[in-house]
Amino acid sequence: MPELPEVETVKTVLKNRIQGLMIRDIDVHYERMMDEDTRSALIGQTILDITRFGKYICFMLTDVILISHLRMEGRYFFKTEDEPLLKHEHIVFHLSDGLSLRYHDTRKFGTFDLRTYQNYLSTKPLNQLGKEPFDIDPKAFYEALKKKHISIKTALLDQTLIAGIGNIYADEILARVSIIPHRYTDEITLKEAKEIVFAGIDILNAAIASGGTTIRTYVSQLGVSGRFQLKLKVHQREAEPCDTCGRPIVRTVINGRSSFYCTKCQKR
DNA sequence: ACCACCTCCTGATCGC
DNA sequence: TGCGATCAGGAGGTGG
């Protein structure tokens, strides 16, 4: 599941590869993912830049902006035109250098939204987005948490509160600061809110750096998935011993999401 | 207004 | 072996 670091990696690879190219044509193989109006508006447009907001990728084109969200399993691949279409390649962008950029998404959850330079920041989904850990003011974050009565785990996944964190890094951040995921937001102190923000910055940066090392690999393989292994402390490690105390990591469900934590180290 | 829960979708995995 | 049930999850939508 791509979160901010993976999306940053994908954005960087895409930018290095296709900035300046023109979209000659587009094949849509799953209509619900992109309507004909969007498709036709994109054809003939040049890719001036590629940017990222939280987990959203923005293709900044000549006249319009295409906002792409990978959700859980979206991936981009570069292929030559003669390579056969795979089952889960739903959108194929034919580029002016003769290559095709293919959007691959097993579960079809990914989204594409067409916006203008005029409205893209003032309409959904970007106008709903909170600040990223890098930009957020810890005091403001604390105040926002205080106004709510939800679990801190749920809060970290709320993209309007803080952008870019998904299920994996939410668990990892809480493990780092020794806070139990069930802890209510209105009980989080200013000191703890600061710790959460700083841990978030640190963990996301480490993940981006780890992704950065794989960028070269992905480029040479013509694939862009943004997946890489960062050593995880708790996430997806149910029953494995905690690195710190050796107790088995516990899995629980919070607001419908798997949450992994150490019952001894994460007490507060 | 706020928050819990449902929905989209497919493949992997599990139990019988 | 095979089949149905269950689960995974980001974010928008719904309903209490």
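Sequence lines set the chain letters: A, B, ... in the order given, protein chains first and strands last, and positions in each chain run from 1. Hydrogens, waters and symmetry mates are skipped; everything else that's a heavy atom, side chains included, is used. Since the model is a prediction, treat every value here as computed from it, not as a measurement.
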### Message
Taking the basic N atoms (NZ, or NE/NH1/NH2) and the acidic carboxylate oxygens, is any pair closer than 4.0 Å for A:E192 and A:R183?
### Response
yes
### Message
For a quick check of understanding: with a heavy-atom distance under 4.0 Å over all strands, which category does A:T111 fall into, base, sugar-phosphate or nothing?
### Response
nothing
### Task
Could you state the atom-to-atom distance from CZ of A:R71 to P of C:dA11 in whole Å?
6 Å
### Query
Nearest nucleotide by nearest heavy atom, which residue falls closer to the 5' end of DNA chain B, A:S151 or A:R257?
A:S151
### Summary
Taken to the nearest whole Å, CD/A:Q128 to P/C:dG12 is 7 Å
### Summary
Considering only heavy side-chain atoms of A:K55, the closest of C:dG10, C:dG13, C:dA8 is C:dG10
#### Entry: Nearest-angstrom distance from the residue atom CD1 of A:I254 to C1' of C:dA8
16 Å
### Query
Quick one: how far along DNA chain B does chain A reach, first to last nucleotide 5' to 3', anything under 4.0 Å to a heavy atom?
B:dC3 to B:dG11
### Task
Check every strand shown and say whether A:Q159 touches a base, only sugar-phosphate, or nothing at a heavy-atom separation below 4.0 Å.
sugar-phosphate
### Rounded distance in Å - CG (A:L129) to C1' (C:dG12)
14 Å
### Message
Between the side chains of A:D49 and A:K11, is the shortest nitrogen-to-carboxylate-oxygen separation below 4.0 Å, so that they form an ion pair?
### Response
no
### Query
Got a salt bridge between A:E143 and A:K147, using NZ or NE/NH1/NH2 to carboxylate O under 4.0 Å?
no
### Query
Any chance the rings of A:H149 and A:Y184 have centres within less than 6.0 Å?
yes
### Message
Could you report the tightest heavy-atom contact between A:I165 and A:K55, atom names first, then the distance?
### Response
O-NZ, 3.3 Å
### Task
Look at all strands and tell whether A:K147 reaches a base, only sugar-phosphate, or nothing, counting heavy atoms closer than 4.0 Å.
nothing
### Between C1' of C:dA8 and CZ of A:F260, the distance in whole Å
10 Å
### Query
Could you give the CD-to-P distance, from A:E73 to C:dG10, as a whole number of Å?
11 Å
### Task
Report yes if a side-chain nitrogen or oxygen of A:H69 is closer than 4.0 Å to either non-bridging phosphate oxygen (OP1 or OP2) of C:dG10; otherwise report no.
no
### Task
Could you tell me the separation between the CE atom of A:M72 and the P atom of C:dC7, rounded to a whole number of Å?
16 Å
### Task
Grab the two heavy atoms, one from A:T38 and one from A:L66, that are nearest each other, plus how far apart they are.
CG2-CD1, 4.3 Å
### Query
Under the criterion side-chain hydrogen bond (donor to acceptor under 3.5 Å, both in side chains), which of A:R257, A:H235, A:K153 is the partner of A:N167?
A:K153
### Task
Report the distance from atom CZ of A:F109 to atom C1' of C:dG12, rounded to the nearest whole Å.
12 Å
